[in-house]
Amino acid sequence: MNENLFASFITPMMLGLPLATLIVMFPSLLFPTSNRLVNNRLISLQQWMLQLVSKQMMGIHNAKGQTWTLMLMSLILFIGSTNLLGLLPHSFTPTTQLSMNLGMAIPLWAGAVITGFRNKTKASLAHFLPQGTPTPLIPMLVIIETISLFIQPIALAVRLTANITAGHLLMHLIGGAALALMNISTTMAFITFIILVLLTILEFAVAMIQAYVFTLLVSLYLHDNT
């Protein structure tokens, strides 16, 4: 079991070629589109959820910030669907890869910061030095604020990676324990299986919450810079 503990986090290969690109593109095929005048229940539910999330997340933004609505809604759909698909047996979850999460976090964070320096240069520079700072502490605070600024995308990526990876590892370990206990104690195996079912339900919630948290933090970074 220890040898296969991290097998689900290895990028799948076929004929020596990584399938990560196809896996990343796959969730976009799951969202139905309709050209009909009256939509069915599935599409109506999808549109209602998107409107609810966009209204809650983008309501704090001005006109410039609301131009990011399509990008942020696409981001939350992509991360949420990828996390949920990763809960299927023998599947691969791209969001367990720190490199991919950094690839999402850094451009979005950089775009928000560049937007801030372009539209609100004085306000963006003022964040590096809080008002009323004693003169001897100015160099230290500037360094600390600069470091905290550059840590933001790393924190975004690490948070998503850690939460999704930890959940998958727990499910793998508890599932292996339930399978091993079947030959020792049926009662303990049944209790462990119930724990596994409850953990799986929790992971469904975590998959959606982490997608929302990632997108919400990007939205807050954008709000601070627009």
Side-chain angles (χ1 to χ4, degrees), residues 1-14 18-20 22-32 40-46 48-50 52-53 56-57 73 75-105 154-218 220:
M1 184 175 67
N2 293 331
E3 295 179 355
N4 299 323
L5 187 60
F6 294 95
S8 60
F9 304 114
I10 300 175
T11 304
M13 308 283 288
M14 179 177 290
L19 299 179
L22 296 177
I23 295 172
V24 168
M25 295 172 59
F26 179 71
S28 62
L29 304 176
L30 302 179
F31 296 101
N40 57 29
R41 294 179 180 178
L42 180 60
I43 296 180
S44 298
L45 178 62
Q46 174 183 316
W48 174 79
M49 292 182 65
L50 282 176
L52 180 64
V53 174
Q56 181 179 4
M57 190 175 297
M73 291 302 102
L75 179 67
I76 192 173
L77 284 176
F78 171 73
I79 297 177
S81 58
T82 304
N83 291 345
L84 291 175
L85 288 175
L87 295 175
L88 296 175
H90 304 289
S91 61
F92 172 71
T93 312
T95 47
T96 58
Q97 307 296 313
L98 183 60
S99 58
M100 175 180 168
N101 295 334
L102 284 173
M104 291 189 296
I154 301 175
L156 271 178
V158 171
R159 180 186 294 107
L160 179 60
T161 304
N163 281 279
I164 302 302
T165 303
H168 283 58
L169 286 176
L170 277 175
M171 292 175 63
H172 182 86
L173 291 172
I174 294 177
L179 188 63
L181 288 172
M182 289 182 62
N183 298 325
I184 302 174
S185 173
T186 306
T187 304
M188 292 301 298
F190 179 74
I191 294 175
T192 308
F193 178 74
I194 295 298
I195 296 175
L196 178 61
V197 172
L198 295 176
L199 180 63
T200 303
I201 296 174
L202 178 63
E203 282 303 308
F204 273 96
V206 169
M208 300 305 297
I209 290 172
Q210 288 304 314
Y212 179 78
V213 169
F214 189 97
T215 311
L216 178 62
L217 289 175
V218 173
L220 292 176

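Any value given below was found using the heavy atoms of this structure, including those in side chains, with hydrogens, waters and symmetry copies removed.
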Chemist: Among residues at least two apart in sequence or on other chains, which ones pass side-chain hydrogen bond (donor to acceptor under 3.5 Å, both in side chains) with S81?
Modeler: none

Chemist: Measure the spacing between CE of M104 and CG of L156 and express it to the nearest 0.5 Å.
Modeler: 9.5 Å

Chemist: Would you say M171 and L87 make side-chain contact, with heavy atoms under 4.5 Å?
Modeler: yes

Chemist: Assess the side chains of H168 and T93: does a donor N or O sit below 3.5 Å from an acceptor N or O?
Modeler: yes

Chemist: Are more than 12 heavy atoms, taken from residues, nucleotides or ligands other than F193, located less than 6.0 Å from that residue's CZ atom?
Modeler: no

Chemist: Looking at residues at least two apart in the chain, or sitting in another chain, which of them share a side-chain hydrogen bond (donor to acceptor under 3.5 Å, both in side chains) with T215?
Modeler: none

Chemist: Between A178 and A189, which heavy-atom pair has the shortest distance, and what is it?
Modeler: O-CB, 3.8 Å

Chemist: With rounding to the nearest 0.5 Å, note down the distance linking CG in L198 to CD1 in I194.
Modeler: 7.0 Å

Chemist: Measuring only between side-chain heavy atoms, which start at C-beta, is V53 closer than 4.5 Å to M73?
Modeler: yes

Chemist: Taking atom CD1 of I79 and atom CE of M208, what is their separation to the nearest 0.5 Å?
Modeler: 10.5 Å

Chemist: Got a second to check how far T186's OG1 is from I191's CD1, nearest 0.5 Å?
Modeler: 11.0 Å

Chemist: Can you tell me how far the CZ atom of R159 sits from the CD1 atom of I154, to the nearest 0.5 Å?
Modeler: 12.5 Å

Chemist: Please find the pair of heavy atoms, one from T95 and one from N101, that lie closest to each other, and give the distance.
Modeler: O-ND2, 2.8 Å

Chemist: Report the distance from atom OG1 of T161 to atom CD1 of I164, rounding to the nearest 0.5 Å.
Modeler: 8.5 Å

Chemist: Restricting to non-hydrogen atoms, name the atom on A211 and the atom on N83 that form the minimum distance, rounded to 0.1 Å.
Modeler: N-ND2, 4.3 Å

